[in-house]
Visitor: 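Once you've had a glance at the structure underneath, I'll fire off some questions.
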Amino acid sequence: MKKYDFARIEKKWQRAWEKSGFSSWRAKNSGTAKKMFILDMFPYPSGEGLHVGHLEGYTATDIYARFLRMNGWNILHPMGWDAFGLPAENYAIQNKIHPNVAMKKNIARFKKQIQSVGLSYDWSRELATSDPAYYKWTQWMFLQMFHHGLAYESNEPINWCPLCKTTLANEDLENGRCERCKSLIERKPMRQWVLRITMYADRLLNDLKQLEWSESVKEMQRNWIGKSTGYEFSFRIKNSRETLPVFTTRLDTLYGVTFVVLAPEHPLVESITTPEQKEKVRLYMREGASKTDLDRAAEKEKTGVFSGAYAIHPITKQEIPIWIADYVLMDYAFGSVMGVPAHDERDFAFAHKYHLPIREVISPDGKSHEPLSSAYTDIATGMLIHSGPFDRLSVKQAAPKIAAFMSAQQAVKYKLQDWTFARQRYWGEPFPLVFCEQCKKRVENSKFRVPLLHSGLNCWKLPARRSLGAGGKIGNLNFTLGEVMNPGWIGVPEEKLPVVLPNVTHYEPTGTGASPLASIDTWVSVKCPKCGGPAKRETDTMPQWAGSCWYYLGFILGQDKLKLSAKRAKLFWDQKVLKYWLTTGRRDSGGGGLVHRSFSGGGVGFYVGGTEHATRHLIYARFWHKFLQDIGVVPNKEPFAKLVNQGMVLGSDGEKMSKSRGNVVNPDDIIKQYGADTLRMYEMFLGPLEASKPWDTNGIVGVHRFLSRVFSFAFEHASLAPKKRIAKSNAEIKKRAHRLMHQTVKKVGDDISHMRFNTAISALMEFQNELLEYREHIAYTDMNKILNIFTLLLYPFAPHLASELWSMRNASRVEKQPWPKYNPAVLVRNTVTYVIQVSGKVRDTLTISVDAEQSEVIKQAQACSKVSKWLETKKIKRVVFVKGKIVNFVV
RNA sequence: GGGCAGGUGGCGAAACGGUAUACGCGCGAGACUCAAAAUCUCGUGGGAGCAAUCCCUUGGGGGUUCGAUUCCCCCCUUGCCCACCA
């Protein structure tokens with residue numbers, strides 16, 4: 001018996017594919033064939049190499065891509081490298097290799113690993129985010145955002161990771177810790193570039209509806225955006241000209257306000273605190289300053305301090321004490337809360353602790369229940385009491401009436417905050433910005449007044465496309481909106497892009513808040529592109545998410561477009577190609593009984609990746625895409641039409657794979673021991689794509705045995721001496737084999753279409769098992785035909801072995817063959833097996849002609865000995881008959 | 001505290017109103033072998049029985065139905081995400 005020499009076979013076919021320049025996987029940018037953009041989340045080429053988790057998603061999309069290609073689709077299935085960012089940089093520092101060098105090495109390793117698994121990527125579109133040809137366009141896009149006023153300089157307190165020595169966005173945190181290194185995050189006021197993602201909050205929220213994503217990821221994004229609708233109004237402050245704005249979703253409880261709370265960072269704290277309270281407030285603030293956000297949130301008991309000042313209730317005119325407490329967050333709404341202890345659990349706890357009055361104004365039955373033992377927060381039931389003219393109104397009715405009475409404005413707030421877009425690290429895209437003192441003075445002395453924008457305010461609209469002239473002329477110099485809004489900051493002209501990351505010897509983070517780039521004076525000092533005066537470059541770099549915001553567009557546009565000079569943006573944004581891949585023509589829908597439904601909003605047709613990107617990459621990329629649509633360079637609203645989240649592959653102990661647990665499975669080892677085809681199939685056989693499932697080191701031999709049997713059988717069959725070949729098939733067995741073959745063609749096709757790879761593989765196994773039983777009874781030529789079909793079905797899963805099997809009988813290439821069709825007529829059986837139940841319990845089965853009449857079936861069913869004995873003494877109340885399935889005698 | 005997804009043999013899982021445990025692992029027995037590995041054959045949810053056969057079984061409890069792993073309600077439990085958002 002010939003052994004399944006997977007190593008030889010896999011090498012042979014990988015060479016063959018490489019020799020042809022991977023031309024079979026190359027996507028065309030036009031044509032009338034149905035098309036699909038099948039995208040994997042591209043990896044960070046870390047020093048660890050590819051892990052089996054990556055390969056789960058990559059194998060799934062590879063199977064799908066190969067399958068659709070055989071069905072005549074034009075498939076765009078590319079791969080690239082998310083090469084900028086902290087993990088890559090930290091690896092470089094640890095191993096004392098320049099990030100650029102380390103990255104090149106890691107990319108080469110990743111690519112080799114990917115090719116050793118036989119993934120069918122269109123390598124002609126390969127890209128890396130750290131390539132100047134690529135990041136030139138990342139900079140170009142940032143520059144557009146800047147000029148349109150979407151990027152602003154901020155000095156607000158921001159998340160600082162003391163170990164990574166950089167600022168981080170909220171999205172980069174996990175429970176108040178750095179997502180990468182798990183250090184506790186500090187809040188530090190720092191100069192930062194921030195992107196105004198909040199301006200897109202509503203669109204990011206609303207357009208979720210049209211996405212074919214898992215409900216859980218959509219829900220995560222909804223919660224992250226965190227829209228709430230309520231009212232805002234201002235309290236007057238006793239003995240002061242200041243007013244105190246608050247936001248509330250419960251204006252109906254206005255009569256129950258017994259105190260007001262400010263966040264410790266609130267700007268009014270300083271001015272309203274009375275001299276008597278100054279010392280206490282100072283102490284409280286000092287204590288608070290040492291707390292991290294995590295401490296703040298973890299505190300069971302709320303703390304606060306009285307400011308000494310009083311607000312005036314807008315309706316009752318009562319004096320209400322103003323407190324300062326860190327359970328109120330400055331980042332949200334106005335950083336101030338009207339305290340209604342009777343109807344808010346947090347306010348209740350606070351009032352309870354500091355003996356503030358609790359005033360019941362919502363009651364389930366219209367009666368008073370004071371003193372309350374807990375806050376009553378049910379808004380569905382309940383009516384107003386102790387609320388003057390609004391008594392007896394429902395919660396729902398009351399709010400608008402009170403608002404009208406006191407002229408409170410309806411308002412919408414979001415949890416989403418603007419995106420901290422700068423890192424004080426080396427390995428990232430440099431900002432295409434310079435700072436010029438003279439231009440700063442020009443702007444500040446000019447008459448331009450841009451409405452002062454805070455991160456929470458959504459009062460500002462994007463200027464009409466291409467009208468960067470929302471800025472204007474100062475003297476004889478033109479300033480853009482972004483340049484007017486950020487005095488002194490000047491955009492690098494497009495023709496000067498890319499601003500190349502200088503090659504330095506010291507790239508370790510400084511920890512001073514300045515990036516390593518700041519020390520390279522020759523790089524930092526430049527001429528102002530606006531006025532020619534002395535200027536300095538921005539030395540922070542962009543976060544790792546920048547490059548991944550548009551890489552799918554990079555794949556669509558291709559390497560030639562990336563190489564264009566940035567001043568040729570018009571040519572770069574090739575509308576024909578973008579429309580081809582991002583919008584759907586009529587031809588894409590339906591087809592062949594497959595469910596590759598295209599999505600009306602356009603975007604990447606099929607995107608596979610882990611759920612960990614739900615509130616990071618997937619929200620950032622949507623934001624960029626919408627901006628790019630607004631400036632007229634992409635043709636549709638959303639980047640990713642359909643998203644599937646592959647589950648995590650856990651270690652064999654059921655825990656997350658990690659070095660420290662020692663449960664990491666290295667794909668290289670598996671390939672060496674069992675081969676790539678076994679690895680691919682086993683990853684798919686583990687369970688449903690979207691479920692997390694443990695890797696069972698023992699289980700892999702099952703798939704390997706299957707492939708070995710497939711090979712041995714096919715090989716033995718192909719090398720049969722002519723004398724030993726069976727001349728004539730047994731008619732009955734041939735018929736059975738054919739029916740099974742057609743069944744399997746249908747099943748495997750349907751399963752691939754629905755991402756049910758595990759059951760597709762089961763079906764292939766069953767097919768193979770039966771064929772082995774039939775082998776003595778099927779003629780050589782008939783078996784050849786059946787084996788050809790089997791090979792085609794196997795091909796998407798195990799392309800190397802399938803290529804080898806195909807070449808045993810055919811001169812052509814398997815990947816050029818059309819996907820086999822099944823004949824529904826063959827699937828029709830002329831007998832069917834009925835399940836015979838008595839009162840719902842299975843007692844027997846009955847095989848009978850499909851055409852048998854209901855009465856005939858029931859008659860025969862009743863006659864079965866196993867059934868009749870259950871019916872003997874009973875009276876049949878009812879007979880349930882389901883054609884072709886079941887007869888149930890109810891007694 | 002809120003949201004989402006799960007709980008089926010010894011294990012990964014299948015079926016998703018109609019014969020629960022397909023497929024695979026593991027295990028047991030046998031064949032081949034001096035022997036072992038590999039391979040092949042048969043068996044394998046639990047219980048009672050010599051057997052035919054019968055009873056029980058999809059986290060627990062109710063409900064709808066002739067029939068529920070599947071649909072509805074309550075509870076328990078595991079995982080993931082978000083969490084003082086006014």
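What you are looking at is a predicted structure, and each value in this text was computed from that prediction instead of being measured. Residue numbering restarts at 1 for every chain, and letters A, B, ... go by the order of the sequence lines.
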Visitor: Under 4.5 Å between any side-chain heavy atoms of A:Q768 and A:L772, yes or no?
Guide: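 Yes, close enough: below the 4.5 Å cut-off.
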Visitor: Distance check, P atoms only: B:A22 and B:C42, in whole angstrom units.
Guide: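 Straight-line distance between the two P atoms is 15 Å.
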Visitor: State plainly whether the residues A:K413 and A:E232 are in salt-bridge range, i.e. N to O under 4.0 Å.
Guide: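 Result for this pair is yes, salt bridge flagged.
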Visitor: Taking the P atom of each, how far is B:C73 from B:C54, in whole Å?
Guide: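 Taking atom P in both B:C73 and B:C54, they lie 37 Å apart.
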Visitor: State the CG-CG distance between A:L764 and A:N769, to the nearest 0.5 angstrom.
Guide: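 Between A:L764 CG and A:N769 CG, I get 11.0 Å after rounding to 0.5 Å.
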Visitor: Please report, rounded to the nearest Å, how far the C1' atom of B:C80 is from the NE2 atom of A:H613.
Guide: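 Rounded to the whole Å, the gap is 15 Å.
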Visitor: List for me each residue that meets side chain to side chain donor-acceptor pair (under 3.5 Å) alongside A:T845, sequence neighbours excluded, and say none if there are none.
Guide: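 Side chain to side chain donor-acceptor pair (under 3.5 Å) check on A:T845 returns nothing, list empty.
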Visitor: Go through B:A86, B:A83, B:G24 for me and flag the one nearest to the A:M765 side chain.
Guide: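 Side chain of A:M765 sits closest to B:G24.
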Visitor: Roughly how far, to the nearest 0.5 Å, is the CG atom of A:N758 from the CG atom of A:D751?
Guide: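 Rounded to the nearest 0.5 Å, the CG-CG separation comes out at 8.0 Å.
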Visitor: Under 4.0 Å, heavy atoms only, any strand: does A:K877 hit a base, just the sugar-phosphate, or nothing?
Guide: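 Since no nucleic acid heavy atom lies under 4.0 Å of A:K877, the category is nothing.
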Visitor: For A:V842, report the nucleic acid contact type (base, sugar-phosphate, nothing); a contact means any heavy atom under 4.0 Å.
Guide: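 Sugar-phosphate, no base atom in range.
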Visitor: Report all interatomic pairs (protein N or O, nucleotide N or O of nucleotides 30-33 of chain B) with separations under 3.5 Å.
Guide:
none

Visitor: Starting at CZ of A:F348 and ending at P of B:A86, how long is that distance when rounded to a whole Å?
Guide: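 Spelled out: CZ on A:F348 to P on B:A86 is 20 Å.
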Visitor: Using the C1' atoms only, state how far B:U57 lies from B:U64, rounded to an integer number of Å.
Guide: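 The answer is 22 Å between these two C1' atoms.
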Visitor: Going by the angle between their ring planes, with limits at 30° and 60°, are A:F711 and A:F715 parallel, tilted or perpendicular?
Guide: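 Ring orientation of A:F711 relative to A:F715: parallel.
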Visitor: Does B:G9 fall in syn (glycosidic angle within 90° of 0) or anti?
Guide: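 You should classify B:G9 as syn.
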Visitor: Using nucleotides 65-68 of chain B, report all nitrogen or oxygen pairs with the protein that are shorter than 3.5 Å.
Guide:
{"residue": "B:C66", "atom": "OP1", "partner": "A:R878", "partner atom": "NH1", "Å": "2.9"}
{"residue": "B:C66", "atom": "O2'", "partner": "A:N888", "partner atom": "ND2", "Å": "3.3"}
{"residue": "B:C66", "atom": "O2", "partner": "A:N888", "partner atom": "ND2", "Å": "2.5"}

Visitor: Work out how far the P atom of B:U19 is from that of B:U41, and round it to whole angstrom.
Guide: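 Between the two P atoms, the distance is 28 Å.
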Visitor: Taking only heavy atoms on the protein side, list every residue of residues 245-259 of chain A lying under 4.0 Å from any atom of RNA chain B, sorted numerically.
Guide: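 Listed by number, they are A:F247, A:T248, A:T249.
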Visitor: Quick test: give all pairs of protein nitrogen or oxygen and nucleotides 40-48 of chain B nitrogen or oxygen below 3.5 Å, distance rounded to 0.1 Å.
Guide:
{"residue": "B:C40", "atom": "OP1", "partner": "A:R709", "partner atom": "NH1", "Å": "3.1"}

Visitor: Under 4.0 Å, counting only non-hydrogen atoms across every strand here, what does A:S216 touch: a base, just sugar-phosphate, or nothing?
Guide: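 Here A:S216 touches the backbone only, sparing every base.
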Visitor: Between B:G24 and A:N769, is there an OP1 or OP2 to side-chain N/O distance shorter than 4.0 Å?
Guide: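 For B:G24, OP1 or OP2 has a side-chain N or O of A:N769 closer than 4.0 Å.
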Visitor: Could you check whether any side-chain heavy atom of A:L618 comes within less than 4.5 Å of a side-chain heavy atom of A:M41, counting everything from C-beta outward?
Guide: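 SC-SC contact between A:L618 and A:M41 confirmed.
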Visitor: Nearest whole Å is fine: how far is B:G24 P from A:F767 CZ?
Guide: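 Atom CZ in A:F767 sits about 15 Å away from atom P in B:G24.
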Visitor: Has A:I848 got more than 12 heavy atoms of other residues, nucleotides or ligands less than 6.0 Å from its CD1?
Guide: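 Yes - once you tally the heavy atoms of other residues, nucleotides and ligands closer than 6.0 Å, there are more than 12.
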Visitor: With A:Y834, which residues qualify under side chain to side chain donor-acceptor pair (under 3.5 Å), at least two apart?
Guide: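 For A:Y834, no residue satisfies side chain to side chain donor-acceptor pair (under 3.5 Å) once neighbours in sequence are set aside.
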Visitor: Identify, with sequence neighbours excluded, every residue that meets side chain to side chain donor-acceptor pair (under 3.5 Å) alongside A:R250.
Guide: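 Side chain to side chain donor-acceptor pair (under 3.5 Å) check on A:R250 returns A:D252.
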Visitor: To the nearest Å, give me how far apart CG (A:L772) and C1' (B:U39) are.
Guide: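 Computing the A:L772:CG to B:U39:C1' distance gives 13 Å.
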Visitor: Could you tell me how far apart A:M220 (CE) and B:G79 (C1') are, to the nearest whole angstrom?
Guide: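 In whole Å, B:G79 C1' lies 12 Å from A:M220 CE.
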Visitor: In whole Å, measure the gap between the P atoms of B:G10 and B:G60 for me.
Guide: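 The same atom, P, in both gives a distance of 14 Å.
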Visitor: Could you label the plane-to-plane angle of the A:H313 and A:F235 rings as parallel, tilted or perpendicular, counting under 30° as parallel and over 60° as perpendicular?
Guide: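 The rings of A:H313 and A:F235 stand perpendicular, inter-plane angle above 60°.
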Visitor: Looking at A:K396, I want to see if its NZ is surrounded by more than 12 non-hydrogen atoms of other residues, nucleotides or ligands under 6.0 Å.
Guide: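 Result for NZ/A:K396: open.
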Visitor: With sugar-phosphate meaning primed atoms plus P, OP1 and OP2, does A:W695 contact a base, only sugar-phosphate, or nothing at under 4.0 Å between heavy atoms?
Guide: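 The residue A:W695 makes no contact with any strand.
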Visitor: Please report the distance separating the P of B:C81 from the corresponding atom of B:G46, rounded so that it comes out in whole Å.
Guide: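 Their P atoms lie roughly 38 Å apart.
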Visitor: Sequence neighbours left out, cut at 3.5 Å: what donor-acceptor pairs do the side chains of residues 647-655 of chain A make with other protein atoms?
Guide:
{"residue": "A:D653", "atom": "OD1", "partner": "A:E655", "partner atom": "N", "Å": "3.1"}
{"residue": "A:D653", "atom": "OD1", "partner": "A:N663", "partner atom": "ND2", "Å": "3.0"}
{"residue": "A:D653", "atom": "OD2", "partner": "A:N663", "partner atom": "ND2", "Å": "3.3"}

Visitor: Rounding to an integer number of Å, can you tell me how far A:K218 NZ sits from B:A5 P?
Guide: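 Checked: the NZ to P distance equals 13 Å.
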Visitor: B:A52 C1' sits how many Å from A:D844 CG, rounded?
Guide: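 The distance from CG of A:D844 to C1' of B:A52 comes to 14 Å, rounded to the nearest Å.
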Visitor: For RNA chain B, just give me the dot-bracket, please: Watson-Crick or G-U, both distances below 3.5 Å, ( ) intra-strand, [ ] crossing earlier pairs, | paired with another strand, . unpaired.
Guide: (((((((..(((.....[....)))((((((.......))))))((((....))))..(((((..]....))))))))))))....
Visitor: Any carboxylate oxygen within less than 4.0 angstrom of a Lys/Arg side-chain nitrogen, looking at A:R187 and A:D331?
Guide: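 Salt bridge: yes.
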Visitor: Not counting sequence neighbours, list each pair that qualifies as a salt bridge (charged side-chain N to carboxylate O under 4.0 Å, His left out) and has a residue in residues 682-699 of chain A.
Guide: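 Found A:E56-A:K693.
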Visitor: Enter the distance from A:Q673:CD to A:T697:OG1 here, rounded to the nearest 0.5 Å.
Guide: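 Answer rounded to 0.5 Å: 9.5 Å.
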Visitor: Decide if the gap between the ring center of A:F259 and the ring center of A:F350 is smaller than 6.0 angstrom.
Guide: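 Centroid separation for A:F259 and A:F350: below 6.0 Å.
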Visitor: Between atom CZ in A:F350 and atom P in B:A86, what is the gap in whole Å?
Guide: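 Taking CZ of A:F350 and P of B:A86, I get 18 Å after rounding.
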Visitor: Is the ring pair A:H343/A:Y376 parallel, tilted or perpendicular, if the boundaries are 30 and 60 degrees?
Guide: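 The rings of A:H343 and A:Y376 stand perpendicular, inter-plane angle above 60°.
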Visitor: Protein-nucleotides 11-14 of chain B N/O pairs closer than 3.5 Å?
Guide:
{"residue": "B:G12", "atom": "O2'", "partner": "A:L686", "partner atom": "O", "Å": "2.7"}
{"residue": "B:A14", "atom": "OP1", "partner": "A:N758", "partner atom": "ND2", "Å": "2.7"}

Visitor: So which one's nearest nucleotide on RNA chain B is more toward 5', A:I761 or A:T833?
Guide: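 Result: A:T833.
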Visitor: Out of B:G24, B:C55, B:C25, which has the shortest distance to the side chain of A:R843?
Guide: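 Among B:G24, B:C55, B:C25, the one nearest the side chain of A:R843 is B:C55.
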Visitor: When the side chains of residues 334-341 of chain A are checked against the rest of the protein, which donor-acceptor pairs come out under 3.5 Å, sequence neighbours left out?
Guide:
{"residue": "A:S336", "atom": "OG", "partner": "A:P245", "partner atom": "O", "Å": "2.6"}

Visitor: Are any of the side-chain heavy atoms of A:L204 and A:I197 separated by less than 4.5 Å?
Guide: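 In short, these two side chains touch, coming nearer than 4.5 Å.
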Visitor: Say you pick atom P in B:A13 and the same atom in B:C82; how far apart are they, in whole Å?
Guide: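 Each nucleotide's P atom is 25 Å from the other's.
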Visitor: Can you check the distance between B:G18 and B:U69, where both ends of the measurement are the C1' atom (answer in whole Å)?
Guide: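 Comparing C1' positions in B:G18 and B:U69 gives a spacing of 13 Å.
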Visitor: Categorize A:S228 for me: base, sugar-phosphate, or nothing, with a 4.0 angstrom heavy-atom threshold over every strand shown.
Guide: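 Sugar-phosphate: the residue A:S228, judged by heavy atoms under 4.0 Å, touches backbone atoms but no base.
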Visitor: Quick check: A:F790 with A:F767 (ring centres under 6.0 Å apart)?
Guide: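 Yes, the ring of A:F767 comes within the 6.0 Å limit of the ring of A:F790, centre to centre.
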